[in-house]
2 protein chains.
Amino acid sequence: MKSTSDPARRIKLGDIAQRLGISTAAVSMALRGGSGVSQATKQRVEAVAQELGYVYDRGAARLRTGQSNTVGVVIGTLSNSFFGELVCGVDEIIGEARKISFLLNTREDAERQKELLVRMREQSVDGLILCPAPGTRSDLLETMHDWGIPVIQMLRSVSDTKGDFVSADYQTGIETLCAHLIRLGHKRIAFLGGNLDHSATRQRIKGFKAALDRAQLPSDLIVKTASDSSGGRDGAAKLLSSENPPTAIACFNDRVALGAMAAVRAAGLVPGRDIAVTGFDNINAGAEAYPALTTVETHARDIGREAGRLLLRRIEGPTMSNERIIVPTRLIIRESCGATLASRDIEGTGET
Amino acid sequence: MKSTSDPARRIKLGDIAQRLGISTAAVSMALRGGSGVSQATKQRVEAVAQELGYVYDRGAARLRTGQSNTVGVVIGTLSNSFFGELVCGVDEIIGEARKISFLLNTREDAERQKELLVRMREQSVDGLILCPAPGTRSDLLETMHDWGIPVIQMLRSVSDTKGDFVSADYQTGIETLCAHLIRLGHKRIAFLGGNLDHSATRQRIKGFKAALDRAQLPSDLIVKTASDSSGGRDGAAKLLSSENPPTAIACFNDRVALGAMAAVRAAGLVPGRDIAVTGFDNINAGAEAYPALTTVETHARDIGREAGRLLLRRIEGPTMSNERIIVPTRLIIRESCGATLASRDIEGTGET
DNA sequence: TTGACAACATTAATCGTTTAAGTTAATTCA
DNA sequence: TGAATTAACTTAAACGATTAATGTTGTCAA
């Protein structure tokens, strides 16, 4: 219609005010708060705003009010669809609150993370949801507090006690999983993956050891590899070629497990029959794998949502006491652990 | 050290200026441009900025300059790791340019997309990378032009000729793939997935038809389902139970293919032996699947990078003529198409 | 008639940065 | 030498919104 019409100067409050012969203050009140102006004026203002094609300048407003209505979401990777789900959950809640989110990728590098945080500060974000990169200094929370930026730690925490935190119950999750493997008769269980040192890794290993120790089984078969499929392949290959290979491999996450299953195949064995392989997170690809992956559901999207909600609460009430939200996990028994194959009479599609 | 020390007032240029007995203008020049102040002053300014803990207020700067140093990345989902890779690629380039990106999720809803775009405008982003939701009005590009926001269309385009565009060569990709299936002896090939109507779907279907028509095979076996694994399951189940089922299923993307393979299994058949199943995109999970998925590599990360670079160029040169970058695809033959199995077991299909 | 009290609007300062235009004083050049 | 140039700063006006403080009506009770 009017493709290249005007010189496209940005319409501002003043333009509306001028048109109506009132002050910009009145216009501002009419468009925002509501109180302070008559209904009649409010309507006239809205009409003219519409007509002129007014666009709110959040930047200008934020300069005055200090509220940017943006938040930062800082994570280490997006290649894993688990994090995709997580981010979706965060975004859902943040979006409902009419805020928008910066997505920042640390690539699991603490140095890079530091830079990104500085940029977030320059942007005056209202708050941050952070999945701290390994090697994050433990005084990060104090620093952020000094900066006046609320932070929610997600999945990983820098301190065991301080700060807001939302995560899955990694330890119980893997304990339950290992208990299941033990119940199936496995006596030699390995843990595979988790080469990055952060709380979520430590929690999983802790759960692993606890379960095995309780059953008086050796809990020292831990192979640290990259937490992706290539890590799974390499690590499983190494385990299989060792002199006393495990009969079950509990993997750090589903991606590792899928890689491990591929390595098992490559060695001429069948996962779920010759050797049990389990994952963690319950990404889609696990349900579709063959054999379908036994894993632990961590409700990624819910965790993201909880983190989003907690951040909003924290932004509202900076003095509110800390919250640590641990979302329960759920064991999902499918085929890769050998459970259903072992008891072949039962036709199992998983989802216990 | 000084955890809860000061009232945490934000240090501004004026504070540095005062401390040094110079004007804020000089400080600004010292910290930004460089020219206009002596080296000596510059160094003194930098030292004091450091000492006082000065933080650049990008918001304030942007109000003055109009440059926000932010871009918006608008996509429909993050559950598919293909998009995760894409976003990583974009972020890489955008980050190098010292900009940061808002990540917005349309959930493939054009209405929602409209809202999100308004928010981007309110934030005065420097530019947008957009993967248009189905149903996006074709005058979107004009609107964005009127708004003065450069847009790069990614993967899908609203117009066949207008605007900047970066995508994979979907049509050739699927043509090559189908040609391969035909060479393997398949005479009845179905297309599965792609229920959303956008250019990327149309391109794929076009390639599918072209390849089959050329071989004088029926090209009407198209089942539109959700482009995720559940769509793959449902669609494949339907195909298998039809009276004259296909011998090969070319899926819209890898997620659909993984779902389809699961359905094939559930029907008591073996994918890659009894029926060929192929994907598209080459996500990680495909390589780890069993049988490993034959697919078409679309170089998600590269596409993201190209889109990022193009946007930067466009922001620099608003009058530069349009670019349409089509990144070539590559057929990746694994096992799910039956190629390797067929040549191993059967002599009937002859060559290769 | 006066005063009190709402209700509605306005004035003017402010957020922190940039930048065009102006001021010095030192340096260069013919 | 004196005019012209330049380097190094300063001044002051933006950018577009918000909001405390203030002003102007109009209504109603006493």
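Note on naming: letters A, B, ... go to the chains in the order of the sequence lines (proteins, then strands), and numbering restarts at 1 for each one.
One distance of note links CG of A/L155 with CG of A/L130; it measures 10.5 Å at 0.5 Å rounding. The CG atom of B/N69 sits 4.5 Å away from atom NZ of B/K99, with the distance rounded to the nearest 0.5 Å.
Per the geometry, CD belonging to A/Q18 stands 13 Å off P belonging to C/dT10, to the nearest Å. The distance between atom CE of B/M29 and atom C1' of C/dT19, rounded to the nearest whole Å, is 7 Å. The nearest whole Å value for the distance from the CG atom in B/L31 to the C1' atom in C/dT19 is 15 Å. Regarding A/Q39, its CD atom lies at a distance of 13 Å from the C1' atom of C/dA7, rounded to whole Å. Distance A/Q123 CD to C/dG16 P: 16 Å, rounded to the nearest Å.
Under a 4.0 Å N-O distance rule, the pair B/R62/B/D126 does not qualify as a salt bridge.
Counting non-hydrogen atoms under 4.0 angstrom, B/V27 reaches nothing in the nucleic acid. Residue-level contact check: B/G36 touches the bases, meaning some heavy atom is under 4.0 Å from a base atom. Within the nucleic acid shown, A/R32 comes within 4.0 Å of sugar-phosphate atoms alone, with no base atom in reach, counting heavy atoms only. Looking at heavy-atom distances under 4.0 Å, B/S38 makes contact with sugar-phosphate atoms alone, never a base.
Under the salt bridge (charged side-chain N to carboxylate O under 4.0 Å, His left out) criterion, B/D160 pairs with no residue, sequence neighbours left out. Listed by chain and number, the residues in a ring pair (Phe, Tyr, Trp, His ring centres under 6.0 Å) with B/F102 are A/F102 (sequence neighbours excluded). Remark: A/E316 pairs with no residue by the salt bridge (charged side-chain N to carboxylate O under 4.0 Å, His left out) rule, at least two apart or across chains.
Under the 3.5 Å distance criterion, the side-chain polar atoms of B/S159 are matched with a main-chain donor or acceptor of B/T161. A donor-acceptor contact shorter than 3.5 Å is absent between the side chain of A/R313 and the backbone of A/M320. Here the side chain of B/S38 pairs a donor or acceptor atom with the backbone of B/T41 at under 3.5 angstrom. Counting only distance, with no hydrogens or angles, the side chain of B/S199 and the backbone of B/S157 share a donor-acceptor pair below 3.5 Å.
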Output one line per pair: protein atom, nucleotide atom from nucleotides 23-27 of chain C, and distance, for all N/O pairs under 3.5 Å.
none

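Taking the ring centre of B/F82 as origin, the terminal cationic atom of B/R301 falls outside the region bounded by 6.0 Å and 45° from the ring axis.
Scanning residues 60-68 of chain A for heavy-atom distances under 4.0 Å to DNA chain C yields A/L63, A/R64.
Read 5' to 3', the first and last nucleotides of DNA chain D with an atom closer than 4.0 Å to a heavy atom of chain A are D/dC15 to D/dT19.
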